Each structure stands twice: as structure tokens, then as C-alpha cells.
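Since the model is a prediction, treat every value here as computed from it, not as a measurement. Quick note on labels: first sequence line is chain A, next is B, and so on, each numbered from 1.
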Amino acid sequence: MLDLQLIKDQTQKVVALLAKKGFTVNFDDLLKDAQLRKQLLLDVEQVKAEANKLSASVPEAKKAGRDVQAIFSQVKVLNQSIQGKEQELKALELKIENFLLELPNLPDEDLKEGGKENNEAIRIVGKQPSFPFKIKDHVDIAEHLGIIDYQRAAKISGAGTWIYRGLGAQLEWALLNFFMSEHLKDGYEMVLLPHLLNYESGLTAGQFPKFKDDVFWLKKTEPEKFLLPTAETGLVNLHRDEILDGSQLPKKYFAYTPCYRYEAGSYRSEERGMIRGYQFNKVELVQYTREEQSPAMFLELVAKASSLVEKLGLHFRVSKLAAGDCSHSMARTHDIEVYIPSLNIYKEVSSVSNARDYQARRGKIRYKDPTTQKTKFAHTLNASALATSRIVPAILEQYQLANGDVKIPDVLVPWMGGLTVIGKQK
RNA sequence: GGAGAAAUACCCAAGUGGCUGAAGGGGCAGGCUUGGAAAGCUUGUAGGUCCUUAACCGGGCGCGAGGGUUCAAAUCCCUCUUUCUCCGCCA
């Protein structure tokens with residue numbers, strides 16, 4: 001949520017920044033409503049103060065033996081006089097709130113405007129691998145090795161799913177273990193979340209109201225709950241409605257969860273296999289920081305996510321996203337994109353974002369500043385570290401051998417019980 | 001799913017209609033004491049948010065949430081949420 005005061009004070013700047021995201025907005029009505037709200041509030045509070053004062057004088061008047069009926073009726077009249085205004089005020093506040101909840105976050109000023117086409121690769125690690133043989137894509141490799149079963153997944157679930165089997169499942173789990181062990185080493189707190197979340201959590205994270213239809217809703221719960229689309233949604237709500245001790249920040253968390261996403265029609269034909277599905281595994285990092293800490297912590301998260309891909313020995317690049325390609329709730333995002341040889345493209349395996357105080361305002365996540373003792377909105381940041389559904393294809397393709405086997409990246413060998421090559425499964 | 005109990009500030013907890021925004025205790029901060037600490041003694045400390053103000057002051061809201069009754073609600077009524085106990089079912 002954006003700060004109403006900021007919109008008031010620097011209307012043109014806000015409009016211009018939102019335009020960089022491709023979002024056009026007119027604040028005229030909002031500013032008028034805000035003005036009206038203030039006037040109403042002033043009126044209502046003044047009358048209330050008067051009524052409160054009169055009421056408070058009753059016990060004294062009673063003791064003195066004075067007539068209190070006069071006071072009663074006086075207060076009654078006062079209260080009645082503002083009834084209509086109070087309702088108007090409430091309605092107006094709701095209207096303003098709802099308007100603000102629909103607005104995307106402001107992009108950072110240094111971002112290029114426009115969409116994907118203006119993303120900028122700011123770091124490239126490794127080089128595109130060359131193969132002295134005809135390469136297979138990850139779907140063929142996985143099926144040849146018998147480690148991923150698409151057919152039976154369709155049978156027991158439906159389209160948009162897959163089953164990891166045998167060494168495939170072990171590889172997936174080895175990755176998750178590797179990621180989590182790295183985060184533990186760095187002092188992040190491990191969290192296991194509920195996967196069923198309530199509406200408020202989606203609202204705070206910024207998914208709702210705008211993207212209500214992109215998640216899976218469970219009709220049976222009352223009120224309806226949804227399956228988490230990313231652990232970020234859970235982690236970023238951990239401290240909703242709390243005032244944190246500023247000297248304890250940043251707080252650093254990670255969680256492994258499957259992520260459930262309803263992305264109807266977004267499946268693209270060139271993306272064979274498990275690049276995109278209804279469910280995938282991910283380890284997510286979330287930080288709560290003080291305002292001044294968030295730029296440095298953003299870089300820490302980018303470095304952390306990058307180091308995982310680097311330790312896996314994969315060729316990848318880091319992209320600084322243009323304003324329009326950053327998601328709705330985020331002020332800036334760097335993507336880590338891993339190379340997929342069969343498609344000759346780079347695919348996102350991690351998205352590192354700084355929401356600044358956007359989510360914190362929605363969820364009233366605050367901290368007490370250790371020096372000024374003032375209450376401020378926290379900054380929230382998140383990073384996937386990492387999503388396995390794109391790392392596994394990258395490993396299968398970048399580490400494939402001439403005979404169709406796949407070498408296991410060195411860092412995963414201990415997590416695979418010493419196995420160094422995945423051969424054909426029986 | 002059924003029955004019952006509860007929700008008060010950082011924590012415990014008193015409070016059943018009006019000088020109670022909230023007793024008491026713990027905690028926390030300072031001082032005394034001590035070689036240093038603990039203990040003991042002592043002083044201090046009550047949040048949040050909105051409006052107004054340069055600031056002080058002042059004011060609205062506020063005792064799980066939302067409504068209602070009343071001149072007046074932590075206190076009475078209704079709805080909801082959460083937690084606990086017991087019963088049932090269950091991985």
C-alpha cells in the first residue's frame with residue numbers, strides 16, 4: 001500500500017513512477033475524498049469531545065444533587081447530530097482504503113521503464129556449455145532415466161503435474177537439503193508453514209485483491225482459504241499486526257513449501273515439461289528490516305541466491321528487471337536466470353525483491369526505531385533460494401553426458417549418498 | 001462434529017455501568033550495596049493509532065474483532081475469531 005501522505009505531497013511524482021510500471025492513475029477523486037474525510041473527522045471528533053465532557057460531569061452533578069436529565073438529553077441530541085456524518089465518514093474511509101489497496105508498489109527510481117524487453121543482464125556467471133553430441137531436452141533425459149513420470153501424474157492428478165521417482169525424487173530432495181543447509185549456515189531461521197492461508201494473508205502480501213483468481217481456493221473452509229502460491233505469502237505475514245524491536249532487525253527466515261499456482265492458459269508450447277505447473281517446490285527467504293537496512297539486505301539476498309546456482313556449477317545470469325516487469329507489490333526485483341540448453345534461453349530460478357514498506361503498510365508490520373523510539377513501517381524482502389522445478393531441468397540439461405546419463409553436481413554428491421552419476425533406472 | 005471455560009498493557013493478573021487508559025506483581029531502566037555479580041533496598045517506567053500543533057498542549061478511537069443497549073461500557077446484550085479442557089472421529 002502506498003502512503004496517502006506521499007500521494008498528497010508528491011502527486012505528480014507518484015503518477016510518473018507508476019507510469020514507469022505501465023500503470024495509469026488519476027488521483028483527483030482520491031485527493032478530494034481525503035480532503036472531505038478530514039473535514040468530517042474534525043466535525044465528528046469535536047462533537048464527540050463535547051458529548052464526552054458532558055457525560056463525564058454526570059457523577060459530579062448527581063452528588064451535588066443537580067438535575068441530570070438535562071445533561072442526558074443534551075448529550076443525546078449531540079450524538080444524534082453526528083450520526084449521519086459518522087456513517088459518511090466510515091464509508092469514505094473504506095473507499096479510500098480500497099482504492100489504495102489496488103495500487104501497485106512504486107518502482108525504485110533507478111529502474112528502466114517498460115517491460116521485459118528492458119530488463120538488463122547485470123552479471124553473467126559461467127558460459128554456455130557446448131556438447132560434442134546431440135543434446136536432449138530435460139523431458140527426454142528425465143524419461144530416459146526414469147526419474148520423472150509424467151504419464152502416471154496425469155493419471156492420478158491431471159495435466160500440469162509430474163511425479164519425481166527414485167533418483168529423481170532423491171535429486172529434488174538433495175537440492176532442497178543443500179539449499180536449506182546453506183541458509184542455516186547463514187543464520188536464517190527455518191520455518192515450516194501451514195499451506196492453507198486466510199484472505200488477510202493474501203492481502204498483506206499484495207496478492208489480493210488484484211490476483212485473487214491466480215490461487216487455488218478451498219471451498220470447504222469457512223471463510224474460504226487458499227493454498228499458498230509461495231512461502232513468501234506465509235512468511236511475510238508472520239509479523240502482521242506486530243511492532244518489532246528495531247534493534248532485533250533484520251529478521252531472516254526461510255521456509256520450504258510446495259507452491260500451488262493456478263495459471264490457466266499460461267503454459268507455452270516451447271516450454272516442455274516441468275518448467276511450469278500447478279505445483280512446484282521452493283525454498284523461500286524473507287527478511288524484515290529497518291528502512292535503512294533494506295538496500296544492503298537486498299544485495300545480500302541476490303548474492304545468496306546467486307551463490308547457490310554458482311555452487312551447483314550452472315551457467316546463469318542476473319537480470320535487473322525493468323519497472324514494468326517487477327511484480328505488483330515490489331519496488332525492485334533482480335531475477336536469477338539459469339541457462340536451459342535445449343531452449344537456448346535463460347529461465348528464472350529465483351526472483352529477489354524488495355517490497356520496501358508496501359507489504360508492511362498493508363499488514364501493519366512495524367518496528368520501534370532503536371534511536372528515535374518512533375514506530376515505523378518495516379521493509380520486507382524476499383528471494384527464492386531456490387525453485388527446484390527450473391533447477392532440475394537445468395541440471396539435467398547442463399550436466400548431461402553422451403550416453404544419456406547425468407552427472408551430479410559436486411555439492412549435491414554428499415546429499416545423494418555419494419552417488420556421482422544418475423544412470424538409467426530399472 | 002458435541003459440551004464447557006477463557007481472551008485486559010512486554011508477561012502474570014485485579015477489575016460487573018461513571019474521577020479506571022485500567023489496582024497489584026513480574027520485567028525493564030537508573031541509584032544504593034558489592035572486588036564483580038546475584039540477592040536485598042530504592043527511584044523511575046504504561047502501550048498503539050488518528051486529528052490538530054513548529055513544538056508543548058489538546059482531542060477522537062482503544063481491555064480478542066465487529067455490532068448493539070445507555071447520557072455513560074473492560075463491565076450488560078448479540079455475532080464472529082482464537083485458545084484451553086472433556087467427549088467423538090482421525091494421520
| query | With a non-hydrogen cut-off below 4.0 angstrom, is A/Lys368 in contact with a base, only sugar-phosphate, or nothing? | reply | sugar-phosphate
| said: Rounding to an integer number of Å, can you tell me how far A/Asp245 CG sits from B/C11 P? | reply: 14 Å
All N/O contacts under 3.5 Å from nucleotides 64-67 of chain B to the protein, with atom names and distances to one decimal?
unit_1, atom_1, unit_2, atom_2, d
B/G67, OP1, A/Lys90, NZ, 3.0

| task | Identify the two heavy atoms, one from A/Pro209 and one from A/Leu101, that lie closest to each other, and give their separation to 0.1 Å. | result | CD-O, 3.9 Å
| task | Decide whether a cation-pi geometry holds between A/Arg261 and A/Phe280; the criteria are a distance under 6.0 Å from NZ or CZ to the six-membered ring centre and an angle within 45° of the ring axis. | result | no
| field | A/Asn79 CG - B/G68 P separation (whole Å) | value | 12 Å
| Can you tell me how far C1' in B/C10 sits from the matching atom in B/A29, rounded to whole Å? | 14 Å
| Donor-acceptor pair between A/Asn354 and A/Ser294 side chains, under 3.5 angstrom | yes
| query | What nucleotide among B/C71, B/G60, B/G48 has an atom nearest to a side-chain atom of A/Lys76? | reply | B/C71
| Can you list every ring pair (Phe, Tyr, Trp, His ring centres under 6.0 Å) pair that touches residues 176-195 of chain A, not counting sequence neighbours? | A/His183-A/Phe254
| request: Find which nucleotide of RNA chain B each of A/Ser73 and A/Glu60 is nearest to by heavy atoms, and output the residue with the more 5' nucleotide. | output: A/Glu60
| query | Considering only side-chain heavy atoms of A/Lys48, which listed nucleotide, B/C71, B/G48, B/C61, is closest? | reply | B/C61
Using the 3.5 Å cut-off, write out each protein N or O paired with an N or O of nucleotides 49-54 of chain B and the distance between them.
unit_1, atom_1, unit_2, atom_2, d
B/U49, OP1, A/Thr375, OG1, 3.4
B/U52, OP1, A/Lys38, NZ, 2.6

| Taking atom C1' in both B/G27 and B/A46, what distance in whole Å separates the two? | 13 Å
| note | Of all heavy-atom pairs linking A/Thr388 and A/Leu176, the shortest is CG2-CD2, 3.8 Å
| Between A/Leu89 (CG) and B/C61 (P), how many Å, whole number? | 13 Å
| What integer number of Å spans the P atoms of B/G36 and B/C19? | 49 Å
| query | Rounded to whole angstroms, how far apart are CD on A/Gln39 and P on B/G60? | reply | 18 Å
| task | Measure from CZ on A/Phe72 to C1' on B/U70 and round the result to the nearest Å. | result | 9 Å
| request: Please determine if a side-chain N or O atom of A/Asn52 lies less than 4.0 Å away from the OP1 or OP2 oxygen of B/G59. | output: no
| message | Tell me whether the side-chain N or O atoms of A/Lys62 pair up with the base of B/G18 as donor and acceptor below 3.5 Å, since no angle test is needed here. | response | yes
| task | Just do the side chain to side chain donor-acceptor pair (under 3.5 Å) check on A/Gln359 and A/Thr380 with the steps written out, would you? | result | CA-CA 7 Å; A/Gln359 293 174 321; A/Thr380 55; 2.6 Å; yes
| P spacing across the pair B/C61 / B/G67, given as an integer number of angstrom | 13 Å
| note | Scanning both residues in full, the closest heavy-atom pair of A/Leu111 with A/Ala331 reads CD1-O, 3.4 Å
| Which of parallel (below 30°), tilted (30 to 60°) and perpendicular (above 60°) describes A/His239 and A/Tyr288? | perpendicular
| query | When rounded to the nearest Å, what value does the distance between P atoms of B/G44 and B/A6 take? | reply | 37 Å
| request: Write down the distance separating the P atoms in B/G18 and B/A72, rounded off to the nearest Å. | output: 14 Å
| Which whole number of Å gives the distance between the P atom of B/U75 and that of B/G21? | 13 Å
| Partners of A/Trp217 by ring-ring contact (aromatic ring centres under 6.0 Å, His included), sequence neighbours excluded? | A/Phe208, A/Phe226
| With a 4.0 Å cut-off, would you call A/Glu182 and A/Lys311 a salt bridge? | yes
| query | Can you name the nearest heavy-atom pair linking A/Glu143 to A/Ile148, along with the distance? | reply | CG-O, 4.3 Å
| request: Return the value, rounded to whole Å, for the distance between atom CG of A/Asp241 and atom P of B/U81. | output: 18 Å
| field | Atom-pair distance (CD on A/Glu50; P on B/C61), nearest Å | value | 14 Å
| B/G15 to B/C28 separation - P atoms, rounded to the nearest Å | 27 Å
| query | If a stem is a run of at least 3 consecutive Watson-Crick or G-U pairs, both distances under 3.5 Å, which stems include RNA chain B? | reply | B:1-7 with B:81-87, B:10-12 with B:24-26, B:27-32 with B:40-45, B:48-51 with B:58-61, B:64-68 with B:76-80
| said: Measure CG/A/Asp67 against P/B/C71 and give the value in whole Å, please. | reply: 14 Å
| request: Nearest 0.5 Å please: distance from the CG atom of A/Asp357 over to the CD1 atom of A/Ile365. | output: 10.5 Å
| said: Quick test of your reading: applying salt bridge (charged side-chain N to carboxylate O under 4.0 Å, His left out), list the pairs with at least one residue in residues 186-207 of chain A, sequence neighbours left out, ordered by first then second residue. | reply: A/Asp186-A/Lys304
